[in-house]
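Down below is the structure, laid out as structure tokens.
Remember, it's a predicted structure, so these values are computed and weren't measured experimentally.
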Amino acid sequence: MILSGRTETKVLRILVLHGPNLNALGHREPEIYGEESLNDIDKRLERLAEELGCVVETLHSQQEGVLIDELHRARARFAGVLLNPGGLTHVSVALRDAVKASGVPVVEVHLSNTYARESFRRDSLTAGAALGVVQGFGPRSYELGLRGLAGHLQHG
């Protein structure tokens, strides 16, 4: 967009949704999830977003309905969503439907490699509705997911 002879750049806004039990990061099974807290991850995402020319807004909820409501509202406020559905990944058809209905690209992230864990964790109901999935890199999964989503939004 050009205004008065100068180019105005629109900053991409990305919503980061953290699902159930992710508030326990840092002390819940650190051998699987690492020792960084959710707050640590959010701060790293904020710094990375700035480098990528984006702004992130983060939200954690233990409640499936809150995550669904935020996905429905995303279309009006965000260019894309980075989503870690936690344990809802494997059981929530409603969350999958909300990802599809959001109208924005969604990248699913997981700290652990779900395929290297219990068999019930290998099925993701939400992954099929997402643009992509990043998993198995610990807290770096979020950063890789943000890089992928921002690149997709900026360059198609």
Side-chain angles (χ1 to χ4, degrees), residues 9-64 66-90 92 95-96 98-100 102-118 121-156:
T9 313
K10 187 174 181 183
V11 175
L12 293 174
R13 296 186 71 229
I14 296 175
L15 176 62
V16 180
L17 292 175
H18 305 289
N21 299 315
L22 293 168
N23 59 309
L25 289 177
H27 59 270
R28 175 186 172 215
E29 300 179 90
E31 68 280 2
I32 294 173
Y33 300 110
E35 295 182 358
E36 287 189 44
S37 70
L38 191 58
N39 188 50
D40 294 335
I41 290 170
D42 285 345
K43 286 179 180 175
R44 285 177 40 194
L45 288 174
E46 289 169 7
R47 287 190 299 270
L48 177 59
E50 189 175 335
E51 288 176 32
L52 298 173
C54 305
V55 172
V56 293
E57 182 176 312
T58 62
L59 174 77
H60 165 261
S61 180
Q62 306 285 50
Q63 305 299 317
E64 179 181 27
V66 170
L67 299 172
I68 291 169
D69 287 343
E70 290 300 319
L71 283 163
H72 283 270
R73 285 193 272 267
R75 178 189 310 250
R77 299 178 49 221
F78 299 96
V81 176
L82 195 61
L83 170 67
N84 184 339
L88 295 172
T89 303
H90 321 290
S92 181
L95 191 59
R96 175 196 170 87
V99 169
K100 288 195 74 86
S102 70
V104 298
V106 176
V107 172
E108 182 175 322
V109 297
H110 296 282
L111 297 162
S112 66
N113 176 355
T114 60
Y115 292 99
R117 298 189 59 202
E118 303 93 340
R121 294 189 194 274
R122 295 179 190 145
D123 293 325
S124 170
L125 298 181
T126 48
L131 171 67
V133 179
V134 179
Q135 63 178 2
F137 295 97
R140 300 276 186 279
S141 294
Y142 279 96
E143 294 171 43
L144 294 167
L146 181 58
R147 285 184 184 281
L149 180 57
H152 172 79
L153 292 168
Q154 292 166 339
H155 308 293

Note, Leu15 side chain near Val104 side chain (heavy atom, < 4.5 Å): no
Test item: Glu57 and Val16 side chains (from C-beta on) under 4.5 Å apart, heavy atoms: no
Exercise: identify the closest heavy-atom pair between Ala79 and Leu12: CB-CD2, 3.8 Å
Ile14 vs Leu45, side chain to side chain contact (heavy atoms under 4.5 Å, CB included): CA-CA, chis, key distance, verdict: CA-CA 10 Å; Ile14 296 175; Leu45 288 174; over 6 Å; no
Nearest-0.5 Å distance that lies between atom CG in Asn84 and atom CG in Leu25: 8.0 Å
Heavy-atom check, side chain of Leu125 versus side chain of Leu95, under 4.5 Å: no
Salt-bridge criterion met for Arg73 and Glu70 (N-O under 4.0 Å): yes
Shortest non-hydrogen separation from Pro20 to Gln62 and the atoms involved: CA-OE1, 3.1 Å
Show me the side-chain donor-acceptor pairs of residues 148-156 shorter than 3.5 Å, one per line, residues at least two apart or across chains.
{"from": "Gln154", "atom 1": "NE2", "to": "Leu52", "atom 2": "O", "distance (Å)": "2.7"}

Pair Val134-Tyr142, side chain to side chain contact (heavy atoms under 4.5 Å, CB included): steps then yes or no: CA-CA 8 Å; Val134 179; Tyr142 279 96; over 6 Å; no
Side-chain heavy-atom pair Val56, Leu82 within 4.5 angstrom cut-off: no
Considering all heavy atoms, the nearest Ser141-Val109 contact: O-CG1, 3.6 Å
OG1-CG distance between Thr58 and Leu38, expressed to the nearest 0.5 angstrom: 7.5 Å
Residue of the set His90, Arg96, Gln135, Glu108 for which side-chain hydrogen bond (donor to acceptor under 3.5 Å, both in side chains) holds with Ser124: Glu108
CG-CG distance between Leu17 and Leu22, expressed to the nearest 0.5 angstrom: 11.0 Å
Trace of the side chain to side chain contact (heavy atoms under 4.5 Å, CB included) decision for Glu51 with Arg147: CA-CA 10 Å; Glu51 288 176 32; Arg147 285 184 184 281; 4.3 Å; yes
Atom pair CG/CG of Leu67 and Leu83 - distance to nearest 0.5 Å: 7.0 Å
Separation of Ile68 CD1 from Ser92 OG (nearest 0.5 Å): 5.0 Å
Heavy-atom pair with the smallest gap, counting every atom of Pro85 and Thr126: CG-OG1, 3.7 Å
Nearest heavy atoms of Glu36 and Ile41, plus distance in Å: OE1-CG1, 4.1 Å
Residue pair His110 / Gly86: nearest heavy atoms and the distance that separates them: CE1-O, 4.4 Å
Approximate separation, where rounding is to 0.5 Å, of Phe137 CZ and Asn113 CG: 8.5 Å
Exercise: do His18 and Asp42 side chains pair donor with acceptor under 3.5 Å: yes
Enclosure of Glu35 CD (heavy-atom neighbours >12, cutoff 6.0 Å): no
